[in-house]
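Presented below is the structure to which this report refers.
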Amino acid sequence: MHRAFETSVNRRQQSLGGRWEFVPDPNDVGEQRAYFEAFPDDADTQQVPGTWNTTPEYYDYEGPAWYRRTFRLPADAAVRLHFAGVAHEATVWVDGDRVAAHYGGYTPFETHLAGMAAGNHEIVVRVDNSRTATSIPLPGADWFPYGGITREAFLETIPSVSVDDVTIRYDLDGTEASVSAAVAVRNSEAESDIDLSVSVGDARAEATAVAPTGESVHTLQLGLDIERWTLDRPKLYDVAVTLTDEDGVEDDHRDRIGFRTVSVTETSIRCNGEPVDVAGVNRHEDHPDWGHAVPPTVMESDLDRIERAGCNAVRTAHYPNHPRFLDYCDERGVLVVEEIPYWQYDEEAFARDSVLERGERMLTEMIERDRHHPAVVAWSLHNECYNHQDGVVDATQRLAEVARERDDSRPVTLASNTNWRGHEDRCLQHVDFVCLNAYWGWYADDRNWKEFLADVRDRHPDKPILVSEFGAGAIEGERTWNAQKWSERYQADLLSEAIATFRDAEYVTGWTVWQYCDTRTDPRKAMERPKTKNNKGIVSEFRRPKDAYWRVQELLDEGSSD
Ligand code: ADA
C-alpha cells in the first residue's frame, strides 16, 4: 500500500484512497456540531492521498477541515486502521466513535478496531494544518503547511492473534550477521500457544511460545552469511515474520533490511568502515500539483535526477519523507539524513506546553518507522535552533537521549547555524557530527566559507562536518551578462566555489545543497520570496534543471575521475 513491497501476504488489505467528502471548518464548529455523526450535506470532495492546498478553492486554506467516506467489510473482522501521514493534527471517528488522535504530519499512526461487523462503516477524520505557537513546525517556517490526508490510508483485517511489529538488530563480523528479531504479538482473546518464524533472506528461525492476552514480545535469533549493503551494491534482504495460533490461524508481517555499519570518526562518516564523500541535496516533498503528496513516479524521477547529477545523499529537510521514498533510496544506495520538523525554535518555544513532548514523540515515531532502512544513516534532532540558549541545550540533550535509547546503531546530529549567527553553539556537544548551515555569498558576505569552516572546526575539533545547507536563490530562466543575484549563473558559481572549499577541508565529510527543487513557501514568508517560492532549487518546481544542476553534475564528474 505505502511501501515498495508487500507488507503482508495473509492479511486482506483495503485501501482508503480515492475520493472522500470534504468540508473546511474555518470557525472550528465541526466537533460541537458532531460532524462525526452527521456530515454536512453540502460537502465538497478531496482525493486521498492529497492536500487541499493544491486545489484552487482551498489554495491558501489553513485550519481545520473534515473528511468522510464509507468502507465495506465482507465479513466480521478485527481491523487495523493505518494512516501513513495526516498533516498535521488528526482525529478519527469510526461509526461515530472517536478511535484515534495524532499530532505530527510526517509520521504514521494506527489503531486497532476489534469486533467490526460485516457491512458498511463510516470513517470521519478531522484534519488541522494550523500553525500556532505550539505547533511543529512554527508559523513562518520556510515551507508550505500543506493540509490533508497527504499519505496513504488503509485498513487490514487481522486475526485475533497477530504480529504487531518486528524490531531487527544485528551485529556484523565480516560477512556474518547475528540477527536478533524481537516480534511484537497482539492477542485480543485468551492466551494462546503460537508458532513463530522469522526469515531473513534464506535464513530462518522458528519458535513456539505462549501469547498472553494483550501485547507480548518474543525474540528469535538467526545467523546468516550476508553481502553488505553499500552505495555501489545496495543488497537488500526480505524479512518475513509468520505466526500461527493454536487454532491454526495464520498471520504475517513483511519488511526489508540491508546490512551495514555506520560510524563517525573525527573527520568522516563511515559506511562499513569506509569514509563516504557525501554529495547530496536537501529535499522537501513538494510539487505544484501535489504539494506534499508527491506520487511514486515523482519520488522515483526525483531520485533519477539526483543520481544523474552524481549525488549520493538526501537530507530529508525538514521532516521524514514518505516511507516509499526511503525504500527507493535503499534500493539505489542513496544515503539519507532524516530530521524532525523543529525549525528555528528558541528556548521560549521549547518551553511552551507540549512542544518538547510532541517532538520526542515525532522522533520516536520516525525512528520506529525507519530503523530498518539501511539508507538512513543519521537522525537529526532539529534545524537552526537557538543553540546558545540554556533551554535549547536542555531540549537537545533530552532529544539526543531519546534517539539513542531507541537506536544505538546510528549517529545523531543537528543542523546548526548558530556560529554563523555569531553565537557559540552549545548543543553540538550532544551530537556525533556537525550538520552546518550557512549562506555566505547569499545572505551575508562579511566572511567566506574557508575562514568560517576553520573557525567552526577549531570550536568542535573532534567532530566531522557535513555542510547541510548552502546555496543561492535563482529564478528559473534568469540569465544575465553579469551573473548577478537571482540569476542561474550566480547560483551555479556560488555552489562551485563553496564545493571546491569543502573538498579542501579534510574534516568536511560532505555536503547537501540547499535545495533540490524550488518549493512553495509559507504565506507569511512569501513577501520575501520571489514567486512565493524558495528559489534555491537546482531544479525548478517542475524539475527543470537550472545551470546549477549541470554545474553540480560537472563538479561531481570531475571529482569522480580524480
Ligand atoms: C535555512 C533553512 C531552510 C531555508 C533556507 C533558506 O537555512 O534551514 O529551510 O529556509 O534557510 O533558503 O533561507
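Whatever order the structure lists ligands and atoms in, that order sets their numbers, starting from 1.
Classification of R520 and D60 as a salt-bridged pair holds, one side-chain N sitting under 4.0 Å from a carboxylate O. A salt bridge links R551 to D493: one of the charged nitrogens lies within less than 4.0 Å of a carboxylate oxygen. Using a 4.0 Å cut-off between charged nitrogen and carboxylate oxygen, R126 and D25 do not count as a salt-bridge pair. The pair K546-D518 meets the salt-bridge criterion, with a side-chain N (NZ, NE, NH1 or NH2) lying under 4.0 Å from an Asp/Glu carboxylate O.
Taking any N or O of D142, backbone or side chain, at least one lies under 3.5 Å from an N or O belonging to ligand 1.
Checked by atom type, the side-chain pair H318/Y342 shows no donor-acceptor distance below 3.5 Å. Side-chain N/O atoms of H423 and Y386 include no donor and acceptor closer than 3.5 Å. A donor-acceptor pair shorter than 3.5 Å cannot be found between the side chains of T230 and D232.
Residue contacts with ligand 1 do not include W442, since none of its heavy atoms lies under 4.0 Å from the ligand. Residue contacts with ligand 1 include H318, since one of its heavy atoms falls under 4.0 Å from the ligand. In this structure, W143 falls outside the shell of residues with a heavy atom less than 4.0 angstrom from ligand 1. Residue contacts with ligand 1 leave out K525, since none of its heavy atoms falls under 4.0 Å from the ligand.
P49 and T150 get closest at one heavy-atom pair: CB-O, 3.4 Å.
Closest to atom 12 (O) of ligand 1, if we only count protein heavy atoms, is K536 NZ, 2.5 Å. The protein heavy-atom contact nearest to atom 5 (C) of ligand 1 is Y439 OH, 3.3 Å. Protein heavy atom at the shortest distance from atom 2 (C) of ligand 1 is E469 OE1, 3.3 Å. Ranking protein heavy atoms by distance to atom 13 (O) of ligand 1, first place goes to Y443 OH, 2.5 Å.
When non-hydrogen atoms are compared, ligand 1 lies under 4.0 Å from the side chain of R529 (C-beta onward) but not from its backbone. Contacts of N383 with ligand 1, taken as heavy-atom pairs under 4.0 Å, involve the side chain alone.
Residue-ligand proximity, E384 to ligand 1, at heavy-atom distances under 4.0 Å covers atoms 1 (C), 2 (C), 7 (O), 8 (O).
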